[in-house]
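Reading through the structure tokens given below for one structure.
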Amino acid sequence: MAAGPAAPRVLNVNVGVLGHIDSGKTALARALSTTGSTAAFDRAPQSRARGITLDLGFSCLRTALPPQLGPGPGELQFTLVDCPGHASLIRTIIGGAQIIDLMMLVIDVTKGMQTQSAECLVIGQIACQKMVVVLNKIDLLPERKRQSAIEKMTKKMQKTLENTKFCGCPIVAVAAKPGGPEAPESENPLGVSELIEVLKSQAYLPSRDPSGHFLMAVDHCFSIKGQGTVMTGTILSGSVSLGDNVEIPALKVIKKVKSMQMFHTPVTYAMQGDRVGICVTQFDPKLLERGLICTPESLHTIHAAIISLKKIQYFRGALQTKAKFHITVGHETVMGRVMFFSPAPADFNEEIKENVFDFEKDYLYQEEYLSKDSNSENKENDQAGEVQLPKQQWALLEFEKPVTCPKLCLVIGSKLDTDIHANTCRLAFHGVLLQGMEDKNYTETFLPKLKVYKLKHKEGQVERVMDDYSVIGRSLFKKETNIQIFVGLKVKLSTGEDGIIDGGFGQSGKFKIRIPDGLKPDTKMLLTVASKKKSKAGKGDTAKEDESSKNDSAQPVTISLLFKRYVFDTQKKMIQS
């Protein structure tokens with residue numbers, strides 16, 4: 001039996017339609033898919049409506065394969081992912097951003113950049129390689145001034161994008177729905193066919209890798225009588241074939257793939273980047289509206305994670321340890337608490353291997369993420385020049401409820417409870433999940449392996465000399481401190497001598513310090529003079545005593561105790577190098 005003619009190659013490119021609420025995203029998606037389907041290949045929108053691969057918020061436009069994408073017949077399909085407007089935007093869009101190859105940022109030409117347009121730009125920079133800016137609603141500009149207004153806004157947008165990875169990207173002016181939502185359907189959109197040409201010129205062969213575990217983001221689930229339940233979505237990684245088992249990890253259910261369709265055509269195989277409808281039997285679609293399906297047992301459910309991260313430059317305010325953020329991991333958003341840490345200062349400039357975390361190394365605890373504007377102790381070095389910032393920083397995330405996600409997935413931290421009318425970016429940081437903690441008791445089983453330390457610095461004063469090789473100190477410990485645990489630790493006197501804590505002295509928190517190399521003659525003089533003054537004052541009245549302690553305090557000899565303590569060390573050991 002002869003094989004039928006090979007189906008023409010269909011290359012699918014996912015285009016995210018992002019923008020501030022009411023910038024006309026949905027109207028644009030509709031205008032593109034209608035123009036695309038009628039002008040380019042006479043497809044009635046009704047035939048598209050039947051297909052199982054199109055969800056609300058997904059529509060498609062097909063056009064001939066442009067020459068830069070290779071020879072031979074074929075079609076280029078743009079799947080338009082219409083992302084929702086404002087506050088809910090973030091959660092859904094971060095999920096959506098991971099499937100986007102090309103982004104369209106829709107700007108209302110009469111308003112310019114608005115709060116959520118800036119957030120979309122941030123997400124694009126994190127998750128996307130290419131962008132086209134669409135200035136929509138040009139029909140609202142009076143004819144006489146239209147051209148100059150468009151030019152002015154184009155210049156403004158070019159300036160905004162100057163310091164982003166999208167510097168120099170195409171900017172196209174359109175009116176997706178002239179006359180607004182109430183206008184008759186006969187009103188033709190302006191500039192949309194030009195926009196399609198620009199999209200074609202920007203299309204590229206996205207890197208698609210069929211190896212690795214199958215993972216798909218499902219955005220729609222419904223049943224077809226007599227067939228089963230169809231899950232439609234975009235394949236994020238790996239591939240899937242007819243007859244494969246797939247797991248719905250959120251429900252711990254495994255199902256067999258009974259049939260599949262892509263672009264309304266039955267297929268036996270689909271891979272990363274494809275939009276596909278997968279049919280399984282005996283599954284209630286109400287149980288899964290959006291979510292992930294995957295190779296059985298390939299995802300893990302975690303209670304905490306270590307991530308490498310970068311602060312988002314538009315976020316105002318510090319990122320502080322112990323603060324709570326909305327953490328979007330893969331396709332879930334949960335509340336989580338953060339703890340920031342950096343390499344030990346000696347390793348600030350060391351190149352860090354990407355996507356791995358080294359448990360052998362020591363890390364320095366940070367009260368907040370270090371950035372140019374952070375209030376860290378580096379302020380005094382600042383006068384001398386540039387603040388030293390590490391090449392990489394990390395955070396420990398502890399989730400309020402467990403999340404299911406793939407390894408090395410994108411993580412975004414945001415403050416979604418910020419007032420959405422406040423003109424401020426709610427996205428705070430983004431990073432990569434390096435290590436998930438699956439054990440519920442991770443604080444006992446896992447965290448002690450994490451060598452994050454705090455530097456502790458205590459200061460006291462020398463009370464008096466005992467002999468050439470020992471002094472008595474005070475004010476380093478509280479009265480109730482058990483000095484025994486500090487015995488053997490090294491201290492330094494402000495006059496330069498090294499000492500070792502030898503034990504307590506009396507009941508009031510005083511202690512004895514051994515000076516192995518002996519006291520310098522100058523130090524002895526200084527201390528003898530100080531204690532003489534004191535004893536003299538002791539004979540006199542209290543006023544004199546106050547005065548003498550004032551003179552005394554002009555030149556006391558201080559004692560410095562420096563040590564490290566690991567944050568997750570259950571024994572709270574003090575360590576000196």
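- A parallel orientation is assigned to the rings of Trp394 and Phe341, their planes being inclined by less than 30° (bins at 30° and 60°).
- At least one donor-acceptor pair closer than 3.5 Å links the side chain of Lys25 to the backbone N or O of Gly19.
- The two residues Ser117 and Ile107 make their nearest non-hydrogen contact at CB-CD1, 3.9 Å.
- More than 12 heavy-atom neighbours from other residues, nucleotides or ligands sit within 6.0 angstrom of CD on Glu162.
- Under a 3.5 Å cut-off, the side chain of His300 and the backbone N or O of Cys405 do form a donor-acceptor pair.
- Side-chain contact, Ser23 with Asn136: no donor N or O sits under 3.5 Å from an acceptor N or O.
- Classified by interplanar angle (parallel below 30°, tilted 30° to 60°, perpendicular above 60°), the ring pair Phe357/Phe359 is perpendicular.
- In this structure, a donor-acceptor pair under 3.5 Å is present between the side chains of Thr63 and Lys200.
- Of all non-hydrogen atoms in Leu65 and Glu75, the two that sit nearest each other are CD1-O, 3.7 Å.
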Worked check of side chain to side chain donor-acceptor pair (under 3.5 Å) between Gln272 and Ser237: CA-CA 5 Å; Gln272 183 187 36; Ser237 68; over 6 Å; no
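- Remark: Lys391 does not engage Glu350 in a salt bridge, criterion side-chain N to carboxylate O under 4.0 Å.
- A donor-acceptor contact closer than 3.5 angstrom is absent between the side chains of Asp347 and Asn349.
- In Lys152, the NZ atom is not crowded: 12 or fewer heavy atoms of neighbouring residues, nucleotides or ligands sit closer than 6.0 Å.
- The minimum heavy-atom distance linking Pro189 with Ala176 is given by the pair CB-O, 3.4 Å.
- Between the side chain of Arg337 and the backbone N or O of Ala323 there is no donor-acceptor pair closer than 3.5 Å.
- We find the CG-CE distance between Leu396 and Met437 to be 5.0 Å, quoted to the nearest 0.5 Å.
- At a threshold of 4.0 Å, the pair Lys156-Glu151 does not count as salt-bridged, since none of the basic side-chain nitrogens sits closer than that to a carboxylate oxygen.
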Residue pair Asn14, Leu102: steps toward the side chain to side chain contact (heavy atoms under 4.5 Å, CB included) verdict: CA-CA 6 Å; Asn14 295 313; Leu102 173 68; over 6 Å; no
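- The closest side-chain donor-acceptor pair between Glu367 and Thr321, if any, does not fall under 3.5 angstrom.
- For the residue pair Tyr442/Glu398, the side-chain donor-acceptor check at 3.5 Å is satisfied.
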Ring pair (Phe, Tyr, Trp, His ring centres under 6.0 Å) assessment of Tyr365 paired with Phe568: CA-CA 11 Å; Tyr365 171 93; Phe568 301 113; 8.9 Å; no
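- Within 6.0 Å of the NZ atom in Lys407, the count of heavy atoms belonging to other residues, nucleotides or ligands does not exceed 12.
- Residues Arg275 and Thr234 have side chains that bring a donor and an acceptor to within less than 3.5 angstrom of each other.
- Of the candidates Phe315, Tyr369, Phe325, Phe429 forms a ring-ring contact (aromatic ring centres under 6.0 Å, His included) with just one, namely Phe325.
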